[in-house]
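These notes are about the structure you will find just below.
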Amino acid sequence: MTTNPDPAHTCVHTCAHAYAVLTTTTDAEDKAHALAADIIEDQLAACAQVFTVSSVYRWQGAVERAQEWRIDFKTRGDLVEELARRIGELHDYDTPEVIAVPVTAGSPAYLEWVSAETRGKTPGTEGVS
């Protein structure tokens, strides 16, 4: 996969859930850790987990196999679109994987931590003073 000329092409539908895990992959460990650090620094996610995966996929008419590095970002649902956009700006793939999976349940303390460590409003606090 090659350099991404237009980061605006990376978009997702708004996540209706309060929390989500957004996943992407890249082709090198150093790129994965750099992307994770940039996103955490931007407070678009509270946590990023980086691990190696073996991928099999179709690309430009051929079946490809590659070792990739997967990054799972733990974030709030209202940050999913902004996080996806930022990944598109930073990523060097033509078509980066950007998949958001809603969190349907979780430890209240952990989810509160995710809210505290990400920027902007906290889910469920609208109108609370």
Side-chain angles (χ1 to χ4, degrees):
M1 298 183 192
T2 58
T3 302
N4 178 1
D6 180 14
H9 81 280
T10 303
C11 65
V12 295
H13 297 288
T14 303
C15 182
H17 288 78
Y19 299 94
V21 176
L22 192 141
T23 299
T24 192
T25 56
T26 191
D27 60 358
E29 183 177 12
D30 61 332
K31 290 180 189 178
H33 284 283
L35 180 58
D38 285 344
I39 296 300
I40 299 303
E41 181 66 32
D42 288 346
Q43 291 185 293
L44 291 172
C47 172
Q49 294 173 318
V50 177
F51 46 99
T52 187
V53 294
S54 180
S55 297
V56 179
Y57 54 93
R58 181 173 297 280
W59 183 251
Q60 298 179 339
V63 175
E64 302 285 339
R65 290 173 175 78
Q67 178 177 344
E68 293 186 291
W69 294 89
R70 177 175 163 170
I71 311 152
D72 285 347
F73 295 100
K74 311 316 180 15
T75 192
R76 296 193 331 264
D78 63 307
L79 290 174
V80 166
E81 283 194 50
E82 187 176 356
L83 173 53
R85 246 189 322 278
R86 185 68 176 135
I87 288 170
E89 292 168 2
L90 297 171
H91 214 293
D92 64 347
Y93 282 9
D94 281 342
T95 308
E97 173 185 2
V98 178
I99 296 174
V101 177
V103 173
T104 60
S107 157
Y110 183 81
L111 297 176
E112 288 171 15
W113 173 80
V114 169
S115 290
E117 295 303 322
T118 51
R119 72 163 85 155
K121 68 179 184 164
T122 301
T125 60
E126 296 81 14
V128 177
S129 35

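Atoms considered below: every heavy atom in the structure, side chains included; atoms not considered: hydrogens, waters and symmetry mates. For clarity, every value in this text was computed on a predicted model and none was experimentally measured. Nothing fancy with the numbering, it's 1 onward along the sequence.
The closest side-chain heavy-atom distance from Thr24 to Tyr93 is not below 4.5 Å. Side-chain atoms of Leu83 and Ile39, non-hydrogen and from C-beta on, do get closer than 4.5 Å to each other. Side-chain contact check for Ser54 versus Arg65: every heavy-atom pair is 4.5 Å or farther apart. Using a 4.5 Å heavy-atom cutoff, the side chains of Thr104 and His17 are in contact. For the pair Phe73/Thr118, no side-chain contact is recorded, criterion being any heavy-atom separation below 4.5 Å from C-beta on. Asp38 is not listed as a side-chain neighbour of Leu44, based on a closest heavy-atom distance of 4.5 Å or more. Using a 4.5 Å heavy-atom cutoff, the side chains of His91 and Lys31 are not in contact. Proximity of Ile71 to Leu35: side-chain heavy atoms (C-beta onward) are separated by under 4.5 Å at one or more points.
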Between Glu97 and Thr23, is a side-chain contact (heavy atoms from CB on, under 4.5 Å) present by the stated rule, with each step listed? CA-CA 7 Å; Glu97 173 185 2; Thr23 299; 3.7 Å; yes
Let me see the working for Arg86 and Glu89 under salt bridge (Lys or Arg N to Asp or Glu O under 4.0 Å), right down to the final yes or no. CA-CA 5 Å; Arg86 185 68 176 135; Glu89 292 168 2; 3.0 Å; yes
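Of all non-hydrogen atoms in Val98 and Ala84, the two that sit nearest each other are CG1-CB, 3.7 Å. The heavy-atom pair separating Ala28 from Trp69 by the smallest distance is C-CD1, 3.2 Å. Pairing each heavy atom of Arg70 with each of Thr25, the nearest pair is CA-CG2, 4.0 Å.
Between the CD atom in Glu68 and the OG1 atom in Thr26 there is a gap of 7.5 Å [rounded to 0.5 Å].
Put simply, Trp113 and Ile40 are part of two different groups of oily side chains (I, L, V, M, F, W, Y) that touch within less than 4.5 Å, one to the next. A continuous path of hydrophobic side-chain contacts links Val50 to Leu22 [ILVMFWY only; heavy atoms under 4.5 Å].
With a 4.5 Å cut-off between side-chain heavy atoms of Ile, Leu, Val, Met, Phe, Trp and Tyr, the cluster of Val53 takes in Phe51.
A side-chain donor-acceptor contact under 3.5 Å links Arg119 to the backbone of Asp42.
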